[in-house]
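Structure record follows, encoded as structure tokens.
Residue numbers run from 1 in the order of the sequence given.
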Amino acid sequence: MASSSHCFLIISVALLLQVLVSPVSALTLTSTKYIDKLCQMPLVDNKPFCLQTLSAYPPAASATSLLPLASAVIRGIVLPQAKKSASFADEAAKKEPNLKTQFQTCKEAYESIGDSLMSALEELKRSPNVATYDVMTCTDHTSQVKNLVGKNRDVASKTLIEMTMQMEKLLPLAIGSTQVVGG
């Protein structure tokens, strides 16, 4: 009698675990499908970077459709990089008097990137084509930063260029995000 109740307990626990694990697996497959679709967009040029970056970011990895995924990419991955770069350029302008004007212009360029990304977020649902345009204008600003401080040899300029290179890797993910929802 004790062995049959023990067997019943084991089977019950096994069934419960299967029920609890199944929704997680389905969610993972669904979000992976959305990430795969985004990373296959034509302007996403570094597919492995895209897959790795989005899969490692929980709001992207758990997105339940393309719109929340696109929002997560822009709001949670690309926009913070723009803000961080603007803040860095602002601090560099204060610490490097000889390059103050250049760094101040870089800060303004990154603020413009942030504004464009915020505009893209607002347009994402209503007008994905406009959102795509908003994100694409960001590349003009990264070019401006590279032209301003790209040849400088100081540490702050080199750091800002590294941050700009990272932004240039992230912007195609934002563009792909807007395109995948219809832009």
Side-chain angles (χ1 to χ4, degrees), residues 19-90 104-147 160-183:
V19 169
L20 291 175
V21 172
S22 293
V24 173
S25 298
L27 179 63
T28 302
L29 290 175
T30 302
S31 60
T32 300
K33 175 179 76 172
Y34 298 133
I35 289 172
D36 288 343
K37 187 168 183 175
L38 189 155
C39 292
Q40 294 305 316
M41 296 308 293
L43 293 179
V44 176
D45 51 356
N46 188 339
K47 314 258 187 259
F49 173 77
C50 179
L51 290 168
Q52 180 183 13
T53 301
L54 301 187
S55 297
Y57 183 59
S62 64
T64 56
S65 69
L66 292 171
L67 187 60
L69 174 60
S71 294
V73 169
I74 295 170
R75 185 182 317 274
I77 297 174
V78 186
L79 185 58
Q81 179 69 23
K83 289 179 178 180
K84 187 169 99 174
S85 299
S87 178
F88 180 84
D90 188 41
Q104 200 62 34
T105 304
C106 291
K107 174 191 162 226
E108 291 166 6
Y110 272 105
E111 288 174 340
S112 292
I113 290 172
D115 292 345
S116 292
L117 293 170
M118 289 302 295
S119 177
L121 280 169
E122 292 171 14
E123 294 291 342
L124 202 52
K125 189 174 187 179
R126 182 179 40 215
S127 182
N129 288 330
V130 173
T132 297
Y133 175 80
D134 288 340
V135 176
M136 289 181 120
T137 64
C138 296
T139 59
D140 295 339
H141 299 295
T142 58
S143 294
Q144 180 184 22
V145 170
K146 289 192 304 188
N147 289 335
L160 189 57
I161 289 300
E162 287 175 15
M163 296 172 91
T164 302
M165 301 305 282
Q166 182 65 21
M167 179 58 75
E168 287 182 333
K169 286 176 72 175
L170 294 174
L171 283 173
L173 306 186
I175 293 168
S177 294
T178 60
Q179 290 179 326
V180 79
V181 295

If you measure from CZ on Phe49 to NZ on Lys169, what distance do you get to the nearest 0.5 Å?
-> 4.5 Å

Which pairs count as side chain to side chain donor-acceptor pair (under 3.5 Å) when at least one residue sits in residues 44-54, sequence neighbours excluded?
-> none

Disulfide (SG to SG under 2.5 Å) partners of Cys50, counting only residues at least two apart = Cys39

Looking only at heavy atoms, which two atoms of Ala61 and Ser55 are closest? And how far apart?
-> CB-O, 3.6 Å

Between atom SG of Cys138 and atom CE of Met167, what is the distance when rounded to the nearest 0.5 Å?
-> 7.5 Å

Near Tyr133 OH, under 6.0 Å, is it more than 12 heavy atoms from other residues, nucleotides or ligands?
-> no

Shortest non-hydrogen pair, Ile74 vs Ala174, comes out as CG1-CB, 4.1 Å

Of all residues at least two apart in sequence or in a different chain, which pass the side chain to side chain contact (heavy atoms under 4.5 Å, CB included) check with Pro68?
-> Ala63, Thr64, Ser65

So, the side chain of Ser116 versus the backbone of Ser112: is there a donor-acceptor pair under 3.5 Å, distance only?
-> yes

Verdict with supporting geometry, Val180 and Tyr34, side chain to side chain contact (heavy atoms under 4.5 Å, CB included) = CA-CA 9 Å; Val180 79; Tyr34 298 133; over 6 Å; no

Distance from Ile161 atom CD1 to Cys106 atom SG, nearest 0.5 Å?
-> 7.0 Å

Please name all residues satisfying side chain to side chain contact (heavy atoms under 4.5 Å, CB included) with Ala131, sequence neighbours left out, ordered by chain then number.
-> Ala120, Glu123, Leu124, Thr178

Determine the minimum heavy-atom distance between Leu54 and Leu38, stating which atoms define it.
-> CD1-CD2, 3.9 Å

Is Asn147 reaching over with its side chain to a backbone N or O of Ser143, donor-acceptor style, under 3.5 angstrom?
-> yes

Does Gln144 have any side chain to side chain donor-acceptor pair (under 3.5 Å) partners at least two apart in sequence or in another chain, and if so, which?
-> none

Sequence-distant partners of Glu162, side chain to side chain contact (heavy atoms under 4.5 Å, CB included), two or more places apart = none

Quick note, side chain to side chain donor-acceptor pair (under 3.5 Å) partners involving residues 75-87, not counting sequence neighbours, are none

Can you sort out the partners of Glu168 under side chain to side chain donor-acceptor pair (under 3.5 Å), two or more places apart, ordered by chain and number?
-> Thr142, Lys146

In terms of heavy-atom contacts, Tyr110 and Leu160 come closest through CE1-CD1, 4.1 Å

Pairwise distance CG(Leu117) to CG(Asp134) - rounded to 0.5 angstrom | 8.5 Å

Do Val44 and Gln40 come close enough that some side-chain heavy atom pair is under 4.5 Å?
-> no

Taking it one step at a time, do Met136 and Leu43 satisfy side chain to side chain contact (heavy atoms under 4.5 Å, CB included)?
-> CA-CA 10 Å; Met136 289 181 120; Leu43 293 179; 3.3 Å; yes

Residue list, salt bridge (Lys or Arg N to Asp or Glu O under 4.0 Å) with Glu122, at least two apart or on another chain = none

Grab the two heavy atoms, one from Val78 and one from Leu170, that are nearest each other, plus how far apart they are.
-> CG2-O, 3.7 Å

What are the two closest non-hydrogen atoms of Gly114 and Ala82, and how far apart are they?
-> N-CB, 4.2 Å

Hey, could you give me each pair passing salt bridge (Lys or Arg N to Asp or Glu O under 4.0 Å) that has a residue in residues 173-183? Not counting sequence neighbours.
-> none

Side chain to side chain donor-acceptor pair (under 3.5 Å) with Thr139: which residues, sequence neighbours excluded?
-> none

For side chain to side chain contact (heavy atoms under 4.5 Å, CB included), just list the numbers for Gln104 and Glu108, CA-CA rounded to whole Å, side-chain angles, deciding distance to a tenth of an Å, and then say yes or no.
-> CA-CA 6 Å; Gln104 200 62 34; Glu108 291 166 6; 4.1 Å; yes

Residues which pass side chain to side chain contact (heavy atoms under 4.5 Å, CB included) with Pro59, listed by chain and number, not counting sequence neighbours | Tyr57, Ala72

